[in-house]
Number of protein chains: 2
Amino acid sequence: MAETHATTTPRERYRAQVRAEIKERAWEQIATTGASALSLNAIAKQMGMSGPALYRYFASRDDLITALIRDAYRSLADACRLAAEAGPGPDLAALAHALRGWALADPQRYFLVYGTPVPGYHAPEDTTAITHEIMTLMLDACAALPPSGPASPFDAHLADHRAWTGDHPAPPAALHRALSFWTRLHGLLSLELAGHFTGMDFDPAEMYAAELDALLAG
Amino acid sequence: MAETHATTTPRERYRAQVRAEIKERAWEQIATTGASALSLNAIAKQMGMSGPALYRYFASRDDLITALIRDAYRSLADACRLAAEAGPGPDLAALAHALRGWALADPQRYFLVYGTPVPGYHAPEDTTAITHEIMTLMLDACAALPPSGPASPFDAHLADHRAWTGDHPAPPAALHRALSFWTRLHGLLSLELAGHFTGMDFDPAEMYAAELDALLAG
DNA sequence: GCAGGCCGTGATAGCTTCTCACCCAAGCTT
DNA sequence: AAGCTTGGGTGAGAAGCTATCACGGCCTGC
């Protein structure tokens with residue numbers, strides 16, 4: 001990120017490598033026990049180090065989790081961007097497919113981004129930039145769809161409250177569709193990953209496809 | 001619940017009262033610091049007791065949280081039932097309004113029910129009965145709506161996978177609508193309560209109303 | 001009135017995050 | 001090439017947490 005020289009110093013390389021390994025172990029631990037049970041001590045023991053040694057690399061447990069959240073956002077944005085750039089043009093279905101794949105690949109990672117927030121915690125500034133990047137991909141895909149149906153009252157509301165799009169040229173109906181895309185698919189994924197569909201015998205993937213179809217139809 | 005005599009013994013009354021006060025303090029603490037930071041020690045100190053005293057009333061921290069989750073489910077079901085029984089017949093809009101009111105009244109309580117699950121934790125048996133009760137209210141309201149639009153492929157899937165409704169007579173399209181009602185409104189509420197709409201200048205209440213309108217329209 | 005059971009306490013074990021003082025080695029500078 | 005600075009690692013320790021145990025004392029039911 002902030003490189004003074006083209007080649008980093010050995011110390012910086014080593015530091016980056018250790019930081020990466022700490023995050024690696026943290027992800028393994030989170031995937032099995034959840035983020036709330038993440039233990040710096042356990043990570044240090046796994047790496048053959050003593051507990052306080054980790055504090056040379058992350059100022060606190062919250063600092064480590066913040067780094068993980070940041071990486072998760074980045075990973076999601078990359079997955080979405082990859083899906084968006086795969087086809088000839090913006091493709092909402094591809095975006096939806098990528099989102100579901102990313103979520104199912106590591107549910108706890110999804111919950112780290114979209115799950116229960118800790119009341120005191122405030123996300124760092126750059127994550128909002130990444131969410132904006134993801135939102136732009138959704139807006140692009142929605143703007144490319146043919147308009148359908150009459151304008152709803154909420155479309156009119158959005159026409160007056162579109163500062164969050166950052167000068168995106170999409171019409172209000174596309175804004176509405178992008179928001180619905182986000183909230184509906186999140187609702188489905190969130191309940192599925194939390195296990196609220198277990199015991200119900202329908203296929204969540206089929207409902208996901210149905211919800212996407214409804215979104216595309218308008 | 002399981003009363004052997006009409007009048008409980010003084011000991012049982014005292015025990016129930018202390019248990020209720022513990023849960024009261026726990027709710028206050030959860031509302032401000034979240035469920036993951038709930039501390040039995042802090043509750044005991046607030047009540048002027050020593051730490052281990054609480055273990056006479058709840059076997060463990062998880063046991064207390066389980067009781068809170070159970071109460072939250074019960075509270076949600078009661079709020080839904082109250083809204084459903086207020087009007088002349090089943091009313092999906094009233095149900096949606098009650099759901100949103102219940103969620104906004106205590107966001108952490110909502111997250112306790114629908115938020116990030118703890119990987120090891122398994123909900124007790126009776127909560128599934130309460131979710132079934134809530135689902136029945138939604139199915140009743142959806143069955144009362146006029147059918148609209150052609151049957152989707154997912155409707156056909158639901159016709160073959162409807163064991164989770166427990167012999168509810170609603171047609172597949174109503175099943176689909178009830179599921180969409182649940183997942184879409186949850187998606188909206190979950191993102192709003194988690195603060196993912198802060199910084200965006202549109203009104204979540206208006207989008208909630210728009211999503212409800214779309215649900216009612218078909 | 002009395003005995004039994006329940007409630008609360010202090011002590012204790014084991015875990016956690018996190019701070020501090022110290023040591024040592026790697027690397028940059030002269 | 002030698003020395004000094006910088007930064008990594010360790011052990012000890014404080015403060016907090018959950019949870020268990022043995023021990024007193026009050027309340028309750030008989």
Side-chain angles (χ1 to χ4, degrees), chain A residues 2-26 28-30 32-69 112 118-121, chain B residues 3-26 28-30 32-69 118-121:
Chain A
E3 296 176 352
T4 55
H5 304 80
T7 74
T8 60
T9 69
R11 278 218 142 114
E12 278 175 326
R13 293 177 61 94
Y14 178 73
R15 183 176 179 82
Q17 184 183 335
V18 174
R19 270 181 74 104
E21 185 176 349
I22 292 174
K23 290 197 283 189
E24 194 86 10
R25 307 281 184 176
E28 295 169 8
Q29 204 172 320
I30 282 181
T32 60
T33 66
S36 61
L38 188 139
S39 160
L40 293 191
N41 250 336
I43 294 176
K45 203 175 296 182
Q46 276 186 352
M47 293 179 63
M49 293 200 304
S50 197
L54 291 199
Y55 287 81
R56 297 279 179 191
Y57 300 94
F58 293 95
S60 71
R61 182 174 173 274
D62 270 15
D63 200 54
L64 171 57
I65 293 183
T66 297
L68 295 177
I69 291 178
L112 209 54
V118 178
Y121 180 80
Chain B
E3 297 176 351
T4 55
H5 303 80
T7 74
T8 59
T9 69
R11 278 222 145 110
E12 278 174 328
R13 291 179 62 91
Y14 178 74
R15 184 178 178 79
Q17 184 182 334
V18 174
R19 269 182 73 103
E21 185 177 349
I22 291 173
K23 290 197 283 189
E24 193 85 12
R25 307 281 184 175
E28 295 170 6
Q29 204 173 318
I30 281 181
T32 60
T33 66
S36 62
L38 188 138
S39 160
L40 294 191
N41 250 332
I43 293 176
K45 202 176 297 179
Q46 276 186 354
M47 293 178 63
M49 293 200 304
S50 199
L54 291 200
Y55 286 83
R56 298 277 179 198
Y57 301 94
F58 293 94
S60 69
R61 184 174 172 271
D62 270 15
D63 200 54
L64 171 57
I65 293 183
T66 296
L68 295 176
I69 290 177
V118 177
Y121 181 80

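What you see is a predicted model; the values in this text were computed from it and never measured. Reminder, nothing fancy here: chain letters follow the sequence lines and each chain counts from 1. Below, all heavy atoms of this structure are taken into account, side chains as well, without hydrogens, waters or symmetry copies.
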N/O contacts under 3.5 Å, protein versus nucleotides 5-8 of chain C?
from	atom 1	to	atom 2	distance (Å)
C:dC7	OP1	B:R15	NH1	3.3
C:dG8	OP1	B:Y14	OH	2.9
C:dG8	OP2	B:Y57	OH	2.6
C:dG8	N7	B:R56	NE	3.2
C:dG8	N7	B:R56	NH2	3.4
C:dG8	O6	B:R56	NH2	2.3

Task: Rounded interatomic separation in angstrom, taking OH from A:Y55 and C1' from C:dA21 - done: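 Taking atom C1' of C:dA21 as the reference, OH of A:Y55 is at 17 Å.
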TODO: Mark yes or no for whether A:R56, through its side chain, and A:R15, through its backbone, hold a donor-acceptor pair below 3.5 Å.
DONE: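 No.
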TODO: Specify the residue among B:P10 and B:P52 whose closest nucleotide of DNA chain D lies further upstream toward the 5′ end.
DONE: B:P52
Task: By side-chain hydrogen bond (donor to acceptor under 3.5 Å, both in side chains) - contacts of A:T66 (at least two apart) - done: A:Y121
Open item on the list: Using a strict heavy-atom distance below 4.0 Å, which residues from residues 34-46 of chain B are in contact with DNA chain C?
Closed with: none
Test of understanding: with side-chain contact (heavy atoms from CB on, under 4.5 Å), list the residues that count as partners of [X], not counting sequence neighbours.
| X | answer |
| --- | --- |
| A:D62 | A:S60 |
| B:T9 | B:R11, B:E12 |
| A:T33 | A:Q29, A:A37 |
| B:M47 | B:V18, B:E21, B:I22, B:R25, B:I43, B:M49 |

TODO: May I ask you to test the A:R19-A:Y14 pair for a side-chain heavy-atom distance under 4.5 Å?
DONE: no
TODO: Report yes if the side chains of B:L54 and B:N41 come closer than 4.5 Å at any heavy-atom pair, otherwise no.
DONE: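 B:L54 does not reach B:N41 side chain to side chain.
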TODO: Could you go through the side-chain contact (heavy atoms from CB on, under 4.5 Å) check for A:E24 and A:E28 one step at a time?
DONE: CA-CA 6 Å; A:E24 194 86 10; A:E28 295 169 8; 4.1 Å; yes
Open item on the list: Show, in sequence, the C-alpha distance, side-chain angles and deciding distance for B:V118 and B:I65, and conclude whether the side-chain contact (heavy atoms from CB on, under 4.5 Å) test is met.
Closed with: CA-CA 12 Å; B:V118 177; B:I65 293 183; over 6 Å; no
TODO: On DNA chain D, reading 5' to 3', which nucleotide is the first and which the last to sit with an atom under 4.0 Å from a heavy atom of chain A, could you check?
DONE: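 Answer, 5' to 3': D:dT6 to D:dA12.
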